[in-house]
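Contents: one structure, followed by commentary.
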Amino acid sequence: MLEVRDLSMRFGGLLAVDQVSLDVGEREIVSIIGPNGAGKTTVFNCISGFYRPSGGTITFKGRPIQGKPDYKISRMGMVRTFQHVRLFSRMTVVENLLVAQHRHLNTNLFAGLIKTPDYRKREEKSLERAAYWLERVGLMEMANRDAGNLAYGQQRRLEIARCMVTEPEVLMLDEPAAGLNPNETRELNELIVSLKEDYCVSVLLIEHDMSLVMGISDRINVINQGRPLACGTPEEIRTNDDVIKAYLGEE
Amino acid sequence: MHDVMYFLQQLINGLTVGSAYALIAIGYTMVYGIIGMINFAHGEIYMIGAYVSLIVITGLAVTSPAWIPLVLLVALICAIIVSSSMGWAVERIAYRPVRGQHRLIPLISAIGMSIFLQNYVHLAQGSRNIGFPLLIEGGISLGGSGGGFQANLSYMQLTIFIVTLVCMTGLSLFISRSKTGRACRAVSQDLKMSSLLGIDTNRIIAATFVIGAALAAVAGLLLGMYYGSIDPLFGFIAGLKAFTAAVLGGIGSIPGAMLGGLVLGVAESFTSGYLSGEYKDVVSFGLLILILLFRPTGLLGKPEVEKI
């Protein structure tokens, strides 16, 4: 589904990402872990079209996407979240979900002005989809509140719902558990697994919460100082000497 | 009685000019709200709207003395089309290539565009001012039949109120209800995130320029006819005034631009009515300075509170 080969990103003299490769297959949860400043988010930014990578190739569904504008990548079916919550805080919860489906609606202005039957049907459908996901993440009662007034955990869930209404094939989550309490983290855990099991979505995950990563990942990529350190199943990573060294230091 | 009537007259005059200011101010405020730049060429778009409508009106009047509302409608539509394309082109040529650079760069590009458009009209239409025929004549007298001063609401003023009201309502509905309006709000809150969710932000930004320019064209026709003459510098002062109105109401806020326009118009008209016409600009720009000193976010603008 998603193939990253020898990805490099240079900022002036700093090589932030050096020859990183990773694969995300269909219905797979792949995690990227590594110490702070290892370049995990930079990898995300390259894949999602935020940065133009200095080297390497990124292939999504068989087509090269490196250097493409971010909205085209997201339209191809790959969306992301950020470390900090980035909702449209002065719009209501349901509006946040509707605006994310902008591209699914007929963008023809005249169709919108005279409300053609086709347009109405699409509009209804996008509202249904929004309602479905609000129900799914337990935010139905909050539908008409401003997104900025939700509790932090709810905002996190709304962000995932907002990604899901775009009907992605790959979902990229940047530290989704940051700032959540253990209870919320467990709910998030279940939600992510259900995205994979029930909605056939592949997930690429950056996370520091090891219990979450080890529990749900099919494969884990470890990055250290911009370079790939190890790649394997949670069990392989847990026992990998290099990884233990990078995290705990040498004995 | 005399005093009340005089007051009423100033109020009517002020609200007339103010609502036209508001129409122009919306263009400033929408563009600022979405990409954080001041489009200093906006006054010129308004001036071009006035010129185009005058050209169409003159043309139609010469070839066939037609029904006046029809003439006005045709002129309005032509002005909107030309100004909107101009607004679109200005964004495409002068702003998009420098977007994302240091914020002074688009600003200077805008000033350059403004000078270019002004001089283009100088060349094409001459620099003398041209009379604008008043096609909507007559009015309603608002005082009793007794002697003394009578307030007068001309049909031209009434037209300005009604057209402005229609435009404002249309815009509010568009922003709050339509898909594109919703996308506009999203882009103005977080451009990058909107883009990541698959919204073509370039299109939305172009749309705000087009909408702002269309409203400015409407104002150009209305104020051109109201003042009775236009020249290539017609947009300069009006642009500054509308910018002041946008800042007064809180730049980035559409209701703010509407309110700011009305407040500014009324303040000006009371100054000319009770003090002297000469002080009109002193008062409006003095108001701008006071607002910037004591309430930099404007009347309806909300200060950005960052959650820590």
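Lettering follows sequence order; numbering is per chain, from 1. These values consider heavy atoms only, across backbone and side chains, with no hydrogens, waters or symmetry-generated copies.
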Which heavy-atom pair separates A:His102 from B:Ala183 by the least distance, and what is that distance?
CE1-CB, 3.5 Å
Within the 4.5 Å heavy-atom criterion, are B:Val187 and A:Phe88 side-chain neighbours or not?
no
Greater than 12 external heavy atoms within 6.0 Å of A:Glu26's CD:
no
Please flag which part of B:Ser194 lies under 4.5 Å from any non-hydrogen atom of chain A: side chain, backbone, both or neither.
both
How long is the span from the CD1 atom in B:Ile199 to the OH atom in A:Tyr71, to the nearest 0.5 Å?
12.5 Å
Just wondering, more than 12 heavy atoms not from B:Tyr32 lying within 6.0 Å of its OH?
no
Find the distance between CZ (A:Arg90) and CZ (B:Arg185) and round it off to the nearest 0.5 Å.
10.5 Å
Heavy-atom contact with chain A under 4.5 Å, split by part of B:Leu173
neither
4.5 Å side-chain heavy-atom contact, A:Met91 and B:Arg182
yes
Can you confirm whether B:Gln189 sits close enough to A:Arg86 that some side-chain heavy atom of one is under 4.5 Å from a side-chain heavy atom of the other?
no
State plainly whether the residues B:Asp200 and A:Arg75 are in salt-bridge range, i.e. N to O under 4.0 Å.
no
Does A:Lys61 NZ have over 12 foreign heavy atoms under 6.0 Å away?
yes
With side chain to side chain contact (heavy atoms under 4.5 Å, CB included) as the criterion, how do B:Met193 and A:Arg80 come out once you've worked through the C-alpha distance, each side chain's angles and the decisive distance to 0.1 Å?
CA-CA 9 Å; B:Met193 195 65 227; A:Arg80 69 171 291 184; 5.6 Å; no
Shortest non-hydrogen pair, B:Leu196 vs A:Ser74, comes out as O-CB, 2.8 Å
Show your working on side chain to side chain contact (heavy atoms under 4.5 Å, CB included) between B:Lys192 and A:Asp70 and close with a plain yes or no.
CA-CA 9 Å; B:Lys192 212 61 214 173; A:Asp70 44 17; 3.1 Å; yes
